[in-house]
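Remarks on the structure that follows.
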Amino acid sequence: MKTAPEIARMHALLQTQKQASLAHGILSADERIGWLNRLIAMLADNKDEIADTITRDFGSRTRELTLLADVLGSINELKFARDNLAKWMQPEAHAGMFPDAQARVEYVPLGVVGMLSPWNFPVNLTFAPLAGIVAAGNRCIIKPSELTPATSALIARLIGAAFNESEIAVVLGGPDVAAEFSTLAFDHLLYTGSTSVGRHVMRAAAANLVPVTLELGGKSPVIVSQCASVEDAAARIMTIKTLNAGQICLAPDYVFIPEHSLERFITAATTAVGNMFPTLANNPGYTAIINERHHARLQSYLSDARERGARIVEINPANEDFTAQNVHRLPPTLVVQPPEDSRIMQEEIFGPLLPVLTYRHVGEAIDFVNKRDRPLALYYFGQDPAEEHQVLSNTISGGVTVNDCMTHAFSETMPFGGVGASGMGAYHGQAGFRTFSHARAIYRQGKAIEAEYALRPPYGEPMQQYLAAMITR
Ligand code: NAD
């Protein structure tokens, strides 16, 4: 991929889409529904090629995961937007200042939205936000990830076949193209990726005052209560920790276990992984780490934690050798009691490694969470409503799932997004429609202008009486 032509092309595309947007005016509900139907058909008709291509990019990833998370997850969002956008577009009636005035809020498109999307669910994290972007009547330019090059090329080809470049377009390239992309004067910029790159994106967008939605990551904690079933919690935590080999923004990053339950948790987590993956090293159902760099990064967390005295429990049910593979699978590994300054406790893991910490009183776990950046998700396992309330009312996170991990993000009716260092803004369902719309206040003045006279200088007795009557405690 030659960078310079793609950079010139993205500048031209922005102008094309801005002009098309002005020339066409606001897209009607029917036009938006037509675009969404095109996207739905594109995914449904090409589901097998999408699954094969993502598997090729990862080296190992099960078709079912792609069909479920990338294809069906996107189609559900697109259909939900298609079936509800006419209702979301309805103007909201508001109270006018004078009795016969009319006031309303209309949700109007922002214009051209730029999207930088990541590699871990490369289709879902492009098409699910696109549901909100299109439902709100915008045009869009997408820069998918260079880490899944075949999938990104496929997305470019499918979008190119179904849409005119003045509607939705795709540009391809690596960090240099992405950095330039984030300097463009879009009407809105959506970035999904790491917190560190998110800072660059927001800084670049600030030069043009481009509003941003940042869907970032972070260390999502799990707190397992004294009253929880350790076996049930371990099974649910390890299900999500091994899903896509932990390469999920919402993956449980570290877990707090009551001190006396530590060994039971380790045994239960080991059993749970063995039940799902009797073998791992050549198992096409176990996702590989995306590339050598990320594999080496995860290995370095393990050696750093080991050197600092943490106990490393590799879960390798068939006792296989992982050194001689042509893909980058990494066995799920528990890292017991790593010190706070170890790299695995400082950085987002984004892989199948799970630090296990212990506590005596739940307040210790809450304090630990609150000393760190606000996470994208927080998970609590337990059946004690008072303790659940204590955990939820003393922490802040993008979202929460109680007695499972990640499930809150599957609801099309709930906003999905981070807070603080895990991001800003949200999408999914109506939240996405609102994020990519401008709430335009429209006021039609009435005829009863006598009332206005009191507002015009010189102010006299009526104004003084009015102010005296209104300014009260
Ligand atoms: P990343 O931030 O390393 O890279 C994302 C993209 O940023 C790349 O494709 C690259 O082209 C682009 N980029 C690199 N340098 C840039 C720059 N200076 N300016 C603009 N763009 C630049 O993230 P990643 O490794 O692709 O994804 C992993 C991270 O994404 C994790 O932190 C994860 O939690 C997060 N994530 C968040 C969500 C969410 O919805 N909140 C979803 C998936 C992933």
Side-chain angles (χ1 to χ4, degrees), residues 1 3 6-7 10 57-58 69-70 73-74 77 114-129 132 142-149 151-152 155 170-184 186 189-207 210 212-220 240 243-253 289-291 293-295 297-298 346-351 373-377 397-399 406 408-410 415-428 431-432 435:
M1 172 64 53
T3 294
E6 206 60 1
I7 286 179
M10 74 169 89
D57 273 332
F58 273 81
D70 279 287
S74 302
E77 274 294 327
M115 183 201 303
L116 285 159
S117 61
W119 52 267
N120 59 330
F121 289 99
V123 168
N124 182 301
L125 294 169
T126 301
F127 287 80
I142 302 161
K143 206 297 278 175
S145 175
E146 68 281 8
L147 269 63
T148 40
T151 309
S152 295
I155 291 172
V170 179
V171 297
L172 298 175
D176 47 352
V177 170
E180 179 77 12
F181 191 88
S182 56
T183 68
L184 296 190
F186 291 111
L189 181 58
L190 165 68
Y191 170 75
T192 303
S194 64
T195 300
S196 58
V197 173
R199 288 182 214 279
H200 293 293
V201 170
M202 192 167 173
R203 201 175 295 122
V210 173
V212 290
T213 297
L214 301 178
E215 298 288 347
L216 310 177
K219 296 183 79 62
S220 296
I240 305 300
L243 193 71
N244 211 30
Q247 299 167 109
I248 309 181
C249 55
L250 288 161
D253 192 274
I289 304 306
I290 187 69
N291 61 21
R293 180 171 64 84
H294 279 286
H295 190 257
R297 174 181 64 80
L298 292 162
Q346 295 290 319
E347 292 168 36
E348 179 182 358
I349 297 170
F350 220 63
D373 284 339
R374 289 173 173 168
L376 186 60
S397 63
M406 206 168 93
H408 65 280
F410 300 145
F416 170 66
V419 59
S422 58
M424 61 185 72
Y427 66 95
H428 282 190
T435 290

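Ligands are counted one by one from 1 in listed order, and the atoms in each one are counted from 1 as well. Side-chain atoms are counted along with the backbone in the values below, which use heavy atoms only and exclude waters and symmetry mates.
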What are the polar N/O contacts of ligand 1 with the protein below 3.5 Å, with distances?
{"residue": "ligand 1", "atom": "2 (O)", "partner": "Y191", "partner atom": "OH", "Å": "2.5"}
{"residue": "ligand 1", "atom": "2 (O)", "partner": "S194", "partner atom": "N", "Å": "2.8"}
{"residue": "ligand 1", "atom": "2 (O)", "partner": "S194", "partner atom": "OG", "Å": "2.6"}
{"residue": "ligand 1", "atom": "9 (O)", "partner": "E146", "partner atom": "OE1", "Å": "2.9"}
{"residue": "ligand 1", "atom": "11 (O)", "partner": "K143", "partner atom": "NZ", "Å": "3.1"}
{"residue": "ligand 1", "atom": "11 (O)", "partner": "E146", "partner atom": "OE1", "Å": "2.8"}
{"residue": "ligand 1", "atom": "11 (O)", "partner": "E146", "partner atom": "OE2", "Å": "3.4"}
{"residue": "ligand 1", "atom": "23 (O)", "partner": "S194", "partner atom": "N", "Å": "3.4"}
{"residue": "ligand 1", "atom": "25 (O)", "partner": "W119", "partner atom": "NE1", "Å": "2.9"}
{"residue": "ligand 1", "atom": "26 (O)", "partner": "W119", "partner atom": "NE1", "Å": "2.9"}
{"residue": "ligand 1", "atom": "30 (O)", "partner": "G193", "partner atom": "O", "Å": "3.3"}
{"residue": "ligand 1", "atom": "30 (O)", "partner": "S194", "partner atom": "N", "Å": "3.4"}
{"residue": "ligand 1", "atom": "32 (O)", "partner": "E348", "partner atom": "OE1", "Å": "2.6"}
{"residue": "ligand 1", "atom": "34 (O)", "partner": "E348", "partner atom": "OE1", "Å": "3.3"}
{"residue": "ligand 1", "atom": "34 (O)", "partner": "E348", "partner atom": "OE2", "Å": "2.6"}
{"residue": "ligand 1", "atom": "41 (N)", "partner": "E215", "partner atom": "O", "Å": "3.4"}
{"residue": "ligand 1", "atom": "41 (N)", "partner": "L216", "partner atom": "N", "Å": "3.4"}
{"residue": "ligand 1", "atom": "41 (N)", "partner": "L216", "partner atom": "O", "Å": "2.7"}

Item to check | Close side-chain approach of P375 to S422, heavy-atom, < 4.5 Å | outcome: no
Next on the checklist: If the condition is side chain to side chain contact (heavy atoms under 4.5 Å, CB included), which residues does P129 pass it with, not counting sequence neighbours?
Outcome noted: M115, L190, Y427
Checklist outcome for this item: Sequence neighbours excluded, the answer for side chain to side chain contact (heavy atoms under 4.5 Å, CB included) partners of P149 is D57
Next on the checklist: Within the supplied structure, the quantity of interest is the number of heavy atoms (other residues, nucleotides, ligands) at a distance under 6.0 Å from R297 CZ; does it exceed 12?
Outcome noted: yes
Checklist entry - Heavy-atom distance under 4.5 Å between the side chains of E348 and L376, does that happen here? => result no
Checklist outcome for this item: salt bridge (Lys or Arg N to Asp or Glu O under 4.0 Å) filter on E347, not counting sequence neighbours, yields R343
